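Order of appearance sets the numbers: ligands from 1, and atoms from 1 within every ligand. Since this is a predicted model, take the numbers as computed values, not measurements. Atom set for the values below is all heavy atoms of this structure, side chains included, hydrogens, waters and symmetry mates excluded.
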Amino acid sequence: MITIALSKGRIWEETAPLLQLAGIEAAENPEKSRRLIIGTNRPDVRLLILRATDVPTYVQHGAADMGIAGRDVLIEHGSENLYQPVDLQIARCRMMVAAHPAFDYQNAVRQGARIRVATKYLRIARDFFTERGVHVDLIKLYGSMELAPLVKLADVIVDLVSSGNTLKANGLVAVDDVMEISSLLIVNQASLKLKREKIQPMLDSFAQAAVATA
Ligand code: PRT
Ligand code: MG
């Protein structure tokens with residue numbers, strides 16, 4: 001059995017066509033089903049439907065042989081034991097620093113001021129500002145980061161931006177670019193060794209499908 005860990009929402013939407021190109025079709029639509037284990041047209045392949053941030057954990061411990069996770073999630077989780085053979089180029093967006101237009105970010109950075117940063121992505125934010133020699137106080141949030149600058153919980157946020165509509169709707173502007181984000185195929189290293197004759201052809205199909213849909 002090959003077990004693939006995935007999350008609902010945008011990852012599923014963009015993964016389904018890749019799975020199909022790789023000859024795998026889910027028996028049920030995970031967006032509609034309440035089932036957390038979903039079979040496929042291949043009796044030897046099943047899907048686990050998880051929270052996006054839990055995907056690396058299942059693959060790392062071998063509860064799933066492979067999975068699909070955003071680079072943001074992988075960096076925050078750490079990638080010990082995880083082989084990352086294919087960048088699928090799906091669920092693409094950018095990690096950005098955003099602020100209220102009244103906050104002079106460039107000046108704060110230049111003057112070496114201490115900046116209050118609210119984010120779900122502590123590791124990414126810490127590394128980004130440390131590299132630039134900017135002193136920050138990090139405030140951990142679990143969602144709705146856009147609110148923080150509006151009520152003066154923080155000077156800036158570090159968050160994912162795709163259309164930019166969420167920033168715009170809350171009157172925030174992007175002030176710095178942290179990194180490009182896409183989702184990667186991750187594989188448990190022991191699974192790859194033990195089940196290589198099944199897994200390697202799947203990795204090749206995914207890589208081809210990613211190029212075909214890019
Ligand atoms: O939503 P939930 O709390 O269950 O979990 P999650 O947010 O970790 O998962 P999900 O499914 O929302 O995102 C899965 C992955 O998709 C992330 O790990 C990213 O790699 C990728 N991705 C791509 C995004 C976005 N684009 C994105 N725009 N993840 C989140 N967003 C959010 C962003 O945080 C912001 O709140 O969408 C909002 C901004 O969108 P725009 O279009 O208004 O700019
Ligand atoms: Mg989300």
Trainee: Considering only heavy atoms of Asn165, which atoms of ligand 1 have at least one such atom less than 4.0 Å away?
Mentor: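 Contacts of ligand 1 toward Asn165, numbered from 1: 43 (O), 44 (O).
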Trainee: Out of Leu74, Asn170, Val73, Asp72, indicate the one that has the non-hydrogen atom closest to atom 19 (C) of ligand 1.
Mentor: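 Minimum heavy-atom distance to atom 19 (C) of ligand 1 goes to Asp72.
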Trainee: Mark the output for Glu146 as yes if a heavy-atom distance to ligand 1 is under 4.0 Å, and as no if none is.
Mentor: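 It does, in that a heavy atom of Glu146 comes within the 4.0 Å cut-off of ligand 1.
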Trainee: Are there more than 12 heavy atoms of other residues, nucleotides or ligands under 6.0 Å from atom CZ of Arg132?
Mentor: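 Buried by this count: over 12 neighbours within 6.0 Å.
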Trainee: Select the closest option to atom 5 (O) of ligand 1 among Arg92, Glu14, Arg51, Met95, judged by heavy-atom distance.
Mentor: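 Selected option, by shortest heavy-atom distance: Arg51.
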Trainee: Does at least one non-hydrogen atom of Gly143 fall below 4.0 angstrom from an atom of ligand 1?
Mentor: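 No.
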Trainee: What part of Val161, side chain from CB on, backbone N/CA/C/O, both or neither, has a heavy atom under 4.0 Å from ligand 1?
Mentor: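 Answer for Val161: both.
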Trainee: For ligand 1, is there an N or O atom under 3.5 Å from any N or O atom of Arg10?
Mentor: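 By distance alone, the answer is yes.
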Trainee: Report the part of Ala52 (side chain from C-beta onward, or backbone N, CA, C, O) that has a heavy atom under 4.0 Å from ligand 1; answer both or neither where that applies.
Mentor: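 Just the side chain.
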Trainee: Where does Leu160 meet ligand 1, judged by heavy-atom distances below 4.0 Å: at the side chain, the backbone, both, or neither?
Mentor: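 It is both parts that get close, each with some atom under 4.0 Å.
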Trainee: Could a heavy atom of Ala91 be found less than 4.0 Å from some atom of ligand 1?
Mentor: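 Flag set, Ala91 near ligand 1.
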Trainee: Contact between ligand 1 and Lys120 is defined here as a heavy atom of the residue under 4.0 Å from a ligand atom; is it met?
Mentor: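 Per 4.0 Å heavy-atom rule, Lys120 contacts ligand 1.
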Trainee: For ligand 1, which part of Thr166 has a heavy atom less than 4.0 Å away: the side chain, the backbone, both, or neither?
Mentor: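 Both parts.
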Trainee: Partners of Asp177 by salt bridge (charged side-chain N to carboxylate O under 4.0 Å, His left out), sequence neighbours excluded?
Mentor: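 Expected list: Arg94.
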Trainee: Judged by modelled atom types alone, do Asp204 and Gln208 share a side-chain donor-acceptor pair under 3.5 Å?
Mentor: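 Distance-only check fails for Asp204 and Gln208.
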Trainee: Tell me which part of Cys93 gets within contact of ligand 1: side chain, backbone, both or neither, using heavy atoms under 4.0 Å.
Mentor: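 Under 4.0 Å from ligand 1, Cys93 contributes side-chain atoms alone.
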